[in-house]
Amino acid sequence: MQGIPERIKMCVSNPNLVREIVRRHFDDNGGPVVDACENDSRGFCRCDRCLALDVLEPGEERLDVDQRHLTDRYLHFVNAVQAEAKKRNPNVRTAFYAYSQYHFPPRREKVADGVIVFFITGQFASDEELTKQYQAWKDAGAKEVYLRPNHLCDDTGMPLGFEESMYEKFQLIRKTFPIAGTDY
């Protein structure tokens, strides 16, 4: 986004970006998990290569890119980062946030082995909606998942009684996945 450098989006179709993320990861620390998480908000890449990675349903081609279903473009990118990183360490894993316009289950892409999916949910998502999403992500190959509820960021400030709702969201995801942990 213009004027906000920390919110600039990646051109996730660029293979040089994939190589650079992996190079920096191993040059900096070489830890067990590569960070391939995108900044949230708007301003997604509009280049022809990124747009070609999107899987749109009829009518969605008229939507601005910031309102589109972008999961397939980001999962394609994360899978590429994971494949590149495995060349340097076969046991490495890659973190991906299922968030913003890429929280929807993928329509084409499958989750590569070693990709960790962090679900970022808000308190206002229904249990039925979340259950369907979790199952669709599982069907797409998600295995290692974390839950990072956004309850504390839903315009409330303090968690005024949201702890019960947060607990219920953890119980809900456990019906689909053996979650590995959480992130706040």
Side-chain angles (χ1 to χ4, degrees), residues 9-10 12 32-42 44 50 53-83 92-184:
K9 298 295 180 276
M10 298 182 283
V12 295
V33 179
V34 178
D35 179 358
C37 299
E38 177 64 279
N39 290 321
D40 63 357
S41 194
R42 295 163 303 284
F44 297 101
C50 282
L53 293 172
D54 299 340
V55 179
L56 304 176
E57 292 182 349
E60 291 179 345
E61 63 277 349
R62 291 183 222 106
L63 293 173
D64 182 76
V65 70
D66 288 337
Q67 280 77 48
R68 287 183 176 182
H69 178 290
L70 301 179
T71 306
D72 289 281
R73 94 167 41 179
Y74 279 95
L75 197 51
H76 175 87
F77 163 71
V78 171
N79 288 342
V81 170
Q82 175 65 9
V92 75
R93 296 172 354 262
T94 301
F96 165 70
Y97 277 175
Y99 187 54
S100 185
Q101 293 308 110
Y102 39 92
H103 82 276
F104 306 103
R107 295 175 173 167
R108 174 192 60 232
E109 298 291 326
K110 300 296 181 194
V111 180
D113 285 339
V115 169
I116 306 166
V117 179
F118 283 76
F119 292 110
I120 316 296
T121 61
Q123 67 174 338
F124 305 113
S126 73
D127 289 358
E128 181 180 347
E129 177 186 9
L130 289 173
T131 298
K132 286 179 182 178
Q133 283 187 13
Y134 295 150
Q135 187 59 53
W137 276 97
K138 186 174 186 175
D139 294 345
K143 295 178 188 80
E144 184 177 359
V145 303
Y146 286 70
L147 181 62
R148 200 207 87 192
N150 242 8
H151 285 53
L152 302 178
C153 298
D154 283 333
D155 296 325
T156 59
M158 296 297 290
L160 304 171
F162 295 140
E163 61 278 358
E164 184 176 335
S165 174
M166 291 167 65
Y167 174 80
E168 290 169 358
K169 297 299 185 200
F170 279 99
Q171 298 312 308
L172 182 67
I173 195 171
R174 289 183 59 230
K175 293 177 182 177
T176 308
F177 291 106
I179 65 169
T182 187
D183 172 20
Y184 284 96

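Atom set for the values below is all heavy atoms of this structure, side chains included, hydrogens, waters and symmetry mates excluded.
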Could you grab the distance from atom [atom1] of [X] to atom [atom2] of [Y], nearest 0.5 Å is fine?
X: His103; Y: His69; atom1: NE2; atom2: NE2; result: 8.5 Å
X: Phe119; Y: Leu147; atom1: CZ; atom2: CG; result: 8.5 Å
X: Thr176; Y: Lys132; atom1: OG1; atom2: NZ; result: 13.0 Å
X: Cys50; Y: Lys9; atom1: SG; atom2: NZ; result: 12.5 Å
X: Leu56; Y: Leu70; atom1: CG; atom2: CG; result: 8.5 Å

Test your reading of the model: is there a side-chain donor-acceptor pair from [X] to the backbone of [Y], 3.5 Å cut-off?
X: Asp54; Y: Asp72; answer: no
X: Asn79; Y: Ala112; answer: yes
X: Arg68; Y: Gln101; answer: no
X: Glu61; Y: Gly59; answer: yes

Write down the atom of [X], the atom of [Y], and the distance for their closest heavy-atom approach.
X: Gly114; Y: Gln82; result: CA-NE2, 3.5 Å
X: Pro106; Y: Ala140; result: CG-CB, 3.5 Å
X: Glu144; Y: Arg93; result: OE1-NE, 2.9 Å
X: Met10; Y: Ala36; result: CE-O, 4.4 Å

Closer than 4.0 angstrom, basic N to acidic O: yes or no for Glu38 and Arg73? no
Does any part of the side chain of Tyr74, heavy atoms only, come nearer than 4.5 Å to the side chain of Tyr99, both counted from C-beta? no
Scan [options] and name whichever one has a side chain to side chain contact (heavy atoms under 4.5 Å, CB included) with [X].
X: His76; options: Val12, Val55, Leu53, Thr71; result: Leu53
X: Val81; options: Val92, Asp35, Thr94; result: Thr94
X: Phe96; options: Phe118, Tyr102, Phe77; result: Tyr102

Passes side chain to side chain contact (heavy atoms under 4.5 Å, CB included), Lys175 versus Gln171? Steps please. CA-CA 7 Å; Lys175 293 177 182 177; Gln171 298 312 308; 5.8 Å; no
How are the rings of Tyr134 and Phe177 set relative to one another: parallel (under 30°), tilted (30 to 60°) or perpendicular (over 60°)? perpendicular
Could you check Leu130 against Ile173 for side chain to side chain contact (heavy atoms under 4.5 Å, CB included), going step by step and ending with a plain yes or no? CA-CA 8 Å; Leu130 289 173; Ile173 195 171; over 6 Å; no
Heavy atoms from other residues, nucleotides or ligands near CZ of Arg174 exceed 12 (cutoff 6.0 Å): no
